[in-house]
Each structure stands twice: as C-alpha cells, then as structure tokens.
Amino acid sequence: MFAKEIYIARRARLLSDMVAAGEKGIVLFLGNAEAPAQYKDNCYKWRQDSSWLYFFGLDEPLYGAVLDLESGEQTLFADDVEIGDIIWMGPQPTVLSRAESVGIRRAVPYGELDTVVAKALRAGRPVHFLPPSRYYNTLKLAALTGGAKPSEALVRAVIAQRLVKEDCEIAAIDAACDLGYEMHTVARDAIRTGIVEQEIVGKMEGLTLSKGWGVSFPTILTQHGETLHNHLHDKIIEPGKLMVIDAGAESNEHYASDFTRTYPTGGRYTPRQRDIYQIVCDCNNFAFSQIRPGVAYRDVHLSTVRLMLERLKDLDLVRGDVDAMVAEGIGGLFMPHGLGHNMGLDVHDMEDLGENLVGYDPDQKRASQLGLGSLRMARKLVPGHVITDEPGIYFIPALMQKFKDEGLDKGFVHFAKLETYSDFGGIRLEDDVLVTADGARRLGRQRLPIEPDEVEAAMTRL
Ligand code: GLY
Ligand code: MN
C-alpha cells in the first residue's frame, strides 16, 4: 500500500472531477468478494479489484464504499471479524482502523450498503458505479440498484485519473518489470531440448511467486507462437524451433509487467528465423523511437506495420506498393493484433471499464480491420502513459488460407513463397514503456537481451 495521503488525494480528485462535470448523487465502489473454485471455503487465489485498490488500497474481500458528491462524505462498508472467523483467520485489524489507514473516518457494516443505496435511489439521487469485473459484484450491483447501468461519467473520470501514472506507481511498475526481467532470465536459462515446456513455466512462475504476488496473466510459453495466446505447455522442446515466452510478474503492490521474447530452442537462430526475427526486432526499436507526447499510438502502430511490410517485401513475401498494403490491412495477415495496450494495476489496464473508453480518445474511432481493429491503445500519448511495445510476425496457416481463398490479400501477397513458411511459427518481442515529458523510457532497470546476437550470446551455454 502507498501512504494514506495518496488515497486521500486520489478520491479528492475523483470527487472534484465529477462535481466539475456537473454530476450529482453518490459514487458507489465495491471491492471484490472471494470466488469459490469448488466449494465456498476453497477459493481461487485472492485478487482485489484494481479500481478499488487504486482509490482505497485495502486488500481484503467484501469491502464497499460510498462517496457523496454533494456532502463530500466518505463511508467504508465492511464487517469486523467475529470469534468464528478469528478461529480460522486469526485476529484482524478493525474495519475502522483499516479505514483510517487510507484516510476514511467513517466505517459501518457491509449490510448497510443496501439501506444507503436504497435511500439514495428513493430520493432520486444518481448512483454512479463502475462496470463490475466479477460476477459476484454483477449480482450485488443488480440487487442494490435494481439493474441500473454503470455510470459513463464515473468510468471516464476514473480512466482519466488512472491512465496517467503517478511517480509512486511508476516506481511500482519499474519494480514489477525488474521482477519480470528475472523471471524471463530464469526461463531463458532453462531452455533445453528434450524437456517439457511446463518445466520452464514452473521455474519462472516459482521465481515470481517467491518475490511477488505471482504472474500478471496466464503465461504464454510455446513453440507454436503462431497461436497468439497459446496456454498449452505440454510439448517436448525440439531443436530448431522458436519459443515465444510472453509472461509478466505482478508485484506484491499489484502492479504488472509484460514482456515477450522469442528464443531459438537450440540457442541459435536459423538464417530464415533470423531474417524474420530481425524485422520484428527492428519494428520494436522503431516503435519505441516514435513514442513521445503528442503522437497518437494509432499512428505508431500504422508506421510500424508499414516498416514491417516494407521489410517483408524485401523478402518477397509481399509485392506492390507498401502504403496501399497498409491501407488495405495486409499487415493483419502477419500481425493480427495491435502494437500494444495500457499497463498498470492490470496487465491490460482498465479493460474491464471498456476497451474503447480506455484506449481511444473521444475523436478516435476504432477500426474494424484485422490487426488495427485489435489495437487496444490508440490515444494521443501524454507523459505518464504506460504502454507496451509488442510487434510480432506470425505465419498462421488457417489465416493464410483464408486470405488466399477470399482474395483478402488484394493481390499483394506472394502465396507461393508464403506457403513455405507454414511451419515457421511466430515471433513477438515486447517491452514496457513509459511516456516521458520529452520522449519515452523502457521500464525496469535493464532491457532483456533482444538483438539476435545478444540473445544467442545469452544462450551460449547450450
Ligand atoms: N501479454 C499478453 C497480452 O498482452 O495480451
Ligand atoms: Mn502485452
């Protein structure tokens, strides 16, 4: 947790932004409840709601809060433990002492949320709440509000605040990236032909658990990188393959990191792998060089795709005018995802609040084209944005076939050559980046080896 002044200031800003926008009524926040995996006493690993963590910091289940936009009153709702709980959980701080630790002076039992929300609704006062990310809160909010819709005014105010990271958050993300660096180093050092992928996953996730909360999303570690989010780890590592490792750490403060590297399983890239790898590596570096305040990340995505297609043209995989290819969405055949996303308390920060509201400025419309349509962060960059830079090139046989069958390539794709890459797999290279006052900085103390010579040197013991 941060110092209580941080939480006091965040709530004060939220209240004043909502009031300045002409909003009235109450703002209702719900922390998460435990989620049973099988029966009620055997739950999934506890993870608090991120917006709750941001404004209230308290990492306990079944907390709620109401902020009154007119009186400014702030009330926490939670239950003190009783002897029946103490037997299983040990003694716990009182709810009031927890409330005071984040600058709230009033605490009442959780059940009183029903009365307070019902009273506001009876008086015709708006009840603002965020879209819930968990089913328990979906049901709870439906019961409390009679099925009212989440408040777009609140969503916009929360996004505006959380998108621009404070210094204490940047330090926390740097720490999560340092942990992510260690995790990836453990994984890279564990790559050996003949072992099962799962062994590496166990080692890297063990490291994260030994120093932080765990992983920031389910680890992707696969020799089938052409499947973008391949969560199977059951293959024996074979020589001559590419292994995509896309994994991140979540720190004990609950900030995320998210890195991707692609390794040659035998320690050396084949010439064909190196050609494609170098393009992705150059795209990653190029995208980073474009990141600065005032530039829309959508434009960085498009200029990076342009570079990728230019280089694929050099390999005779595509033919024709590169600008026309970009306009026709040919990039989506090779990179069907966007260049990056926001990152913070969530690895895809705040996507529970709505991908478009988070990633797009009001004057930007999300495209439907493959690739560009998957771009989750298009906004004009400002200092304090934390984003990922993750270009990739994938040879997805089913997608290649679809482009061919349906003429989606518009004559730009050299299929006879492309089809020789059907067993290639995929390559993705991802760094985490802070937008600074005059440019950008990669997060974490050290950058994971990325140039192909650096990667091979790091793997020389194989
Ligand atoms: N690293 C996983 C993702 O960005 O979706
Ligand atoms: Mn990512």
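All values reported here derive from a predicted model rather than from experimental measurement. Order of appearance sets the numbers: ligands from 1, and atoms from 1 within every ligand.
In this structure, E456 pairs ionically with R274, as a charged nitrogen and a carboxylate oxygen lie closer than 4.0 Å.
Side-chain N/O atoms of E390 and H341 include a donor and acceptor closer than 3.5 Å. Side-chain contact annotation: N32 with W46, donor-acceptor N/O pair under 3.5 Å absent. Between the side chains of E169 and Y255, at least one donor N or O lies within less than 3.5 Å of an accepting N or O. Between the side chains of Q446 and Y181, at least one donor N or O lies within less than 3.5 Å of an accepting N or O.
Not a single N, O or S atom of D246, from either the backbone or the side chain, sits less than 2.8 Å from the Mn ion (ligand 2). Here H348 fails the criterion, with no N, O or S atom under 2.8 Å of the Mn ion (ligand 2).
Its N, O or S atom nearest to the Mn ion (ligand 2) is what matters here, and for D258 that atom is OD2. Take the N/O/S atoms of E390: the one nearest the Mn ion (ligand 2) is OE2. Restricting E430 to its N/O/S atoms, the shortest distance to the Mn ion (ligand 2) is reached by OE2.
Between F29 and F55, the ring planes are tilted. Angles from 30° to 60° get that label.
Of the protein's non-hydrogen atoms, H348 NE2, 3.1 Å is the one closest to atom 3 (C) of ligand 1. The single protein non-hydrogen atom nearest to atom 2 (C) of ligand 1 is D246 OD2, 3.5 Å, given as residue, atom name and distance.
Side-chain contact between H348 and D346 is absent, with no heavy-atom pair separated by less than 4.5 Å.
Each of the following atoms of ligand 1 lies closer than 4.0 Å to a heavy atom of E390: 4 (O). Heavy-atom proximity to H341, at under 4.0 Å, picks out these atoms of ligand 1: 4 (O).
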